[in-house]
Amino acid sequence: MERTPDPRPEALLTDLDRSLSAQPAATAVTAALDARAGSPLPLRPARRLGDWLTTALFVGPLLIVMLAFLIVPAFAVLVGAFRFDGVDGAAGGWTLQHIRDLAQPQYVRGLQNSVLLSGASAILGTVIGGLLAYAVLGEGGPAWLRSPLVAFSGVAANFAGVPLALAFVATLGTTGIVTRLLATIGLDLNKSGFSLFTFSGLIVVYLYFQIPLMVILIAPALEGLRREWREAAENLGASAWQFWRQVGLPILAPSLLASAVLLFGNAFSAYATAYALTSGALPLLPLQIGAVLSGNVLSDPHLGQALALLVIAVMAVTMLLYTGFERLGSRWRR
């Protein structure tokens, strides 16, 4: 009896051929789904609105504060510096007289003293604060001193004004504690010519908040100074002086300059500390602005606004220089 061929193997081969022919399509579909899963889904309008509200909630108060205490006052100073008030009910107008008054000898002297005081305290603060930061926060520095130094710097950098002046009067004043202790060992500060109420005394007081500020500013740059660079220089036979002259200082130079510029601006705009110590006897630009606006001798708000405009111009140049130097220094911290 002749046997009938089994159709099952042929059906199995047909199904296998169909599966193989369909495999590329399945692979394509799978790849498309994977690509779709990896790509970001379009945001819904509600989600976009929620992100915008969240941003406005956190950034909005900052913008309001900047508008109320920075932008609007600066604009008022800019406009007021070129205005004059009318007499006997007459309307005021525009003038350049207040800008011309800035060339008077007393205001030129005040600007010179402010620049010298700010420059001296900035240079000394940069050198002393930079060395102190490197000694403690740099490679090989005492770990147990790092946290106390950073904490003290954060507090001391913001300790200024009348409390700082009174603290120095109590310690280094004419009858201060340290002054009397030094007199007992034969070092009389009063006879040596040092006084807190002079130009050199103000520099010493300013260094109290300039040095801690320098420590805070230069700390990120010191952390960006990698150990591999020193090891590579040593492997090439470079000495410690050669490393700092050719590698370390060129890398830190933008950050050092940025910090020095910021210290200059910080000292240039200081008012309360200098006023509490000198009572206006030392001509400084911020003190002259206060004297003109308070009316101790004469009251001319528009002249005070012209002087304030000069301070704003100096601070604007300071911030532009700081931004440029900081941008250069940030390349090594990425």
Side-chain angles (χ1 to χ4, degrees), residues 62-87 90-123 160-162 199 202-203 206 209-210 213 257-326:
L62 176 61
L63 296 179
I64 293 175
V65 171
M66 291 181 60
L67 182 66
F69 297 99
L70 181 62
I71 299 176
V72 172
F75 182 76
V77 168
L78 177 62
V79 174
F82 298 94
R83 297 283 298 178
F84 71 92
D85 295 330
V87 181
W94 299 95
T95 181
L96 294 175
Q97 183 59 42
H98 303 304
I99 304 300
R100 299 189 189 99
D101 291 339
L102 298 181
Q104 296 181 9
Q106 65 269 25
Y107 301 130
V108 174
R109 191 180 311 112
L111 177 61
Q112 292 175 347
N113 290 337
S114 297
V115 171
L116 291 176
L117 176 61
S118 304
S121 64
I123 293 174
V162 177
F199 188 86
L202 279 180
I203 292 178
Y206 277 30
F209 56 81
Q210 294 282 67
L213 181 59
L257 292 175
S259 302
V261 168
L262 197 60
L263 292 183
F264 177 88
N266 186 43
F268 191 88
S269 59
Y271 172 80
T273 303
Y275 182 80
L277 289 174
T278 66
S279 299
L282 181 65
L284 295 173
L285 196 57
L287 302 186
Q288 290 175 334
I289 295 174
V292 172
L293 293 178
S294 62
N296 291 336
V297 179
L298 56 91
S299 179
D300 192 346
H302 294 296
L303 178 59
Q305 290 173 329
L307 292 171
L309 183 61
L310 182 59
V311 175
I312 292 176
V314 173
M315 298 305 297
V317 173
T318 299
M319 293 307 300
L320 288 176
L321 291 175
Y322 172 78
T323 303
F325 288 134
E326 183 63 20

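In this structure, CG in Leu111 is found 9.0 Å from CG in Leu102, a value given to the nearest 0.5 Å. Note that CZ of Phe325 and OG of Ser259 are 11.0 Å apart. Values are rounded to the nearest 0.5 Å. For the atom pair CD (Gln288) and CD (Gln104), the distance works out to 10.0 Å, reported to the nearest 0.5 Å. Between the CZ atom in Phe69 and the CD1 atom in Ile64 there is a gap of 11.0 Å [rounded to 0.5 Å]. Once rounded to the nearest 0.5 Å, the distance linking CG of Leu202 with OG1 of Thr273 reads 8.5 Å.
Ring planes of Tyr271 and Tyr275: parallel class, angle under 30° (limits at 30 and 60°).
Proximity of a side-chain donor or acceptor of Asn113 to a complementary backbone N or O of Pro283 within less than 3.5 Å is detected. Side-chain atoms of Ser121 come within 3.5 Å of backbone N or O of Ser118 as a donor-acceptor pair.
Residues Gln210 and Ala267 approach most closely at NE2-CB, 3.5 Å, considering heavy atoms. Closest non-hydrogen pair, Val108 versus Ala103, comes out as CG2-O, 3.6 Å. Nearest heavy-atom pair across Phe264 and Thr318 is CD2-OG1, 4.1 Å. Of all heavy-atom pairs between Leu310 and Leu285, the closest is CD2-CD2, 3.9 Å. In this structure, Val292 and Tyr107 approach most closely via the heavy-atom pair CG2-OH, 3.9 Å.
The side-chain heavy atoms of Trp94 and Val79, taken from C-beta on, include a pair separated by under 4.5 Å. A heavy-atom distance below 4.5 Å is not found between the side chains of Met319 and Val261. For the pair Leu116 and Phe199, the minimum side-chain heavy-atom distance is below 4.5 Å. At least one side-chain heavy atom of Ser114 sits less than 4.5 Å from a side-chain heavy atom of Pro286. Leu117 places none of its side-chain heavy atoms less than 4.5 Å from the side chain of Phe268.
Residues meeting the side chain to side chain contact (heavy atoms under 4.5 Å, CB included) test with Ile289, sequence neighbours left out: Leu293, Leu307, Ala308, Val311. Every side chain to side chain contact (heavy atoms under 4.5 Å, CB included) that Val317 has, sequence neighbours left out, goes to Leu321. For Gln97, the side chain to side chain contact (heavy atoms under 4.5 Å, CB included) test picks out Thr95, Arg100, Asp101, with sequence neighbours left out. For Gln305, the side-chain hydrogen bond (donor to acceptor under 3.5 Å, both in side chains) criterion is met by His302, not counting sequence neighbours. The ring pair (Phe, Tyr, Trp, His ring centres under 6.0 Å) test applied to Phe82 returns no partner, not counting sequence neighbours. In terms of the side chain to side chain contact (heavy atoms under 4.5 Å, CB included) criterion, residue partners of Leu67 (sequence neighbours excluded) are, by chain and number, Ile71, Val72.
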Full working for side-chain contact (heavy atoms from CB on, under 4.5 Å) between Leu263 and Tyr206: CA-CA 10 Å; Leu263 292 183; Tyr206 277 30; over 6 Å; no
